[in-house]
Colleague: 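Dropping the structure in here first, questions after.
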2 protein chains.
Amino acid sequence: MTTTAHTPPAETPPAQAREQFRAGLRRPTSGYSPGYAQVNLIAVPQAQAFDMLLFAQRNPKSCPVLGVLEAGQYSSELLSGGDIRTDIPAYRVYRDGELVAEPDEVTDYWRADLVAFLIGCSFTFEAPMLEAGLPVAHIDQRVNVPMYVTGTDCAPAGSISGPLVVSMRPLPPDRIADAVRITSRYPGVHGAPIHIGNPEELGIRDINSPDFGDPVEIPEGWIPVFWACGVTPQAAVMQSAPELAISHAPGHMLVTDLPNDQLQVP
Amino acid sequence: MTTTAHTPPAETPPAQAREQFRAGLRRPTSGYSPGYAQVNLIAVPQAQAFDMLLFAQRNPKSCPVLGVLEAGQYSSELLSGGDIRTDIPAYRVYRDGELVAEPDEVTDYWRADLVAFLIGCSFTFEAPMLEAGLPVAHIDQRVNVPMYVTGTDCAPAGSISGPLVVSMRPLPPDRIADAVRITSRYPGVHGAPIHIGNPEELGIRDINSPDFGDPVEIPEGWIPVFWACGVTPQAAVMQSAPELAISHAPGHMLVTDLPNDQLQVP
């Protein structure tokens, strides 16, 4: 994945955003189509679909399922008029757990037996964080959110297992409680932080070397706050090695028609 | 299912409750083991398991999945030391969608390829309702909660489809907002009401003739409030007719080791 310094765009409706990405625009989607949910993609053959759905059910913090496209289905009410094979800015293709391609569209790689899981993304709660005056460092620094493979194993499900992946946003100590309060209301997009303040305990050796996305500068005195991340299924695919899997490229999400408001509870 | 007028028992730890039911005690479980989650059971052959899990994912208000026992698994951390085939007070066995038996245990009916889904039950939020001084009519009247098959279809998933089933608790008009507020915090056990005040619009013809459970007397001026119900998968099985399905008998739940507190968000 190429790292692209980017400016959050003006308000682009989701259908128009998908059209731009379908036409070939390749860039991280943080800040795109504010007010609408962005989602992670993981698609696996039908033979692994039950295990993947069960993996998601058992790891709801990292894998909150917002939609499933059954075998042969390429669109849904979440991407009205869209096509899951073309409407994401960048994809990753895995064969037997190995990353073999990062194309802009995957029409040639797709198979009729692939089941596609759409998984909530923490970008959804960045809008209410910003509204509450909380800083979102990777947006301010115009880079992709940093993501880390942790030393914590997810609950396995049949043939699927792997480590927890987290995203990180540094925060001033006096705003962390607000971040917990706000993000807790969005369990469908990873909810509350799973870890606050001690990267080593999560098995993260170097906070400046994320496994996915870009490093962010942590201002003096700020604390790293970690949320479960929808890249977790990709790490599971890398470990579990199904014959084929297709995902979005980290940070390059599917922009959906689902209003963020609908993900807020209670 | 025999209707049993019953008195809520003194505090019985979950493991002891399961032991009593394993030994043959047959009674509704509302009020049992306060503080611990009770769950619905639906078990189907592996061939239908993906569809059933997807049905649950697409209908999270009625089918919040709290656990899945994979084929060949009879226990889990939710029922430590227990056995899903014996520890529920009463079961229902469906063949090709027809109810064929209501035994106290299902060891003889179980098959190695059955996948068992444990689905949250609204009994969990009755404790915080009672703590907030809200009346729970079926507990006061010592009967099973009334449940109704509605005219609303659930979102289908492959071979599985069926109508929404709801439970009903009548409330004084000035306490309904409190009930919404409290139950909203428990999305894993059906969450907020899905309908307040107009049974006809849900397709319920006679509020005094529930399809499952017992009728409750509605005090003058009180309003019927409806929550999505974990009996929904049973209605789906009756409509979709997999060759075999095993469930709990409505109101006769599996008492788990999961503290209700863990189901509260945020």
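Here is how names work: the chains are called A, B, and so on, in the same order as the sequence lines, proteins then strands, and each is numbered from 1.
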Colleague: Under 4.5 Å heavy-atom distance to chain B, tell me which part of A:Val180 shows up: side chain, backbone, both or neither.
Modeller: neither
Colleague: Distance check, rounded to the nearest 0.5 Å: B:Leu53 atom CG versus A:Met52 atom CE?
Modeller: 13.0 Å
Colleague: Just so I know, are the side chains of B:Phe50 and A:Leu54 near enough to count as touching, which here means a heavy-atom distance under 4.5 Å?
Modeller: no
Colleague: Which bit of A:Ala49 comes within less than 4.5 Å of chain B, counting heavy atoms only: side chain, backbone, both or neither?
Modeller: both
Colleague: For the OH atom on A:Tyr36, are there more than 12 heavy atoms of other groups (residues, nucleotides or ligands in this structure) within a distance under 6.0 Å?
Modeller: no
Colleague: Look at B:Glu77 together with A:Arg58 and state whether they make a salt bridge at an N to O cut-off of under 4.0 Å.
Modeller: no
Colleague: Please find the pair of heavy atoms, one from B:Gln57 and one from A:Val68, that lie closest to each other, and give the distance.
Modeller: OE1-CG2, 3.8 Å
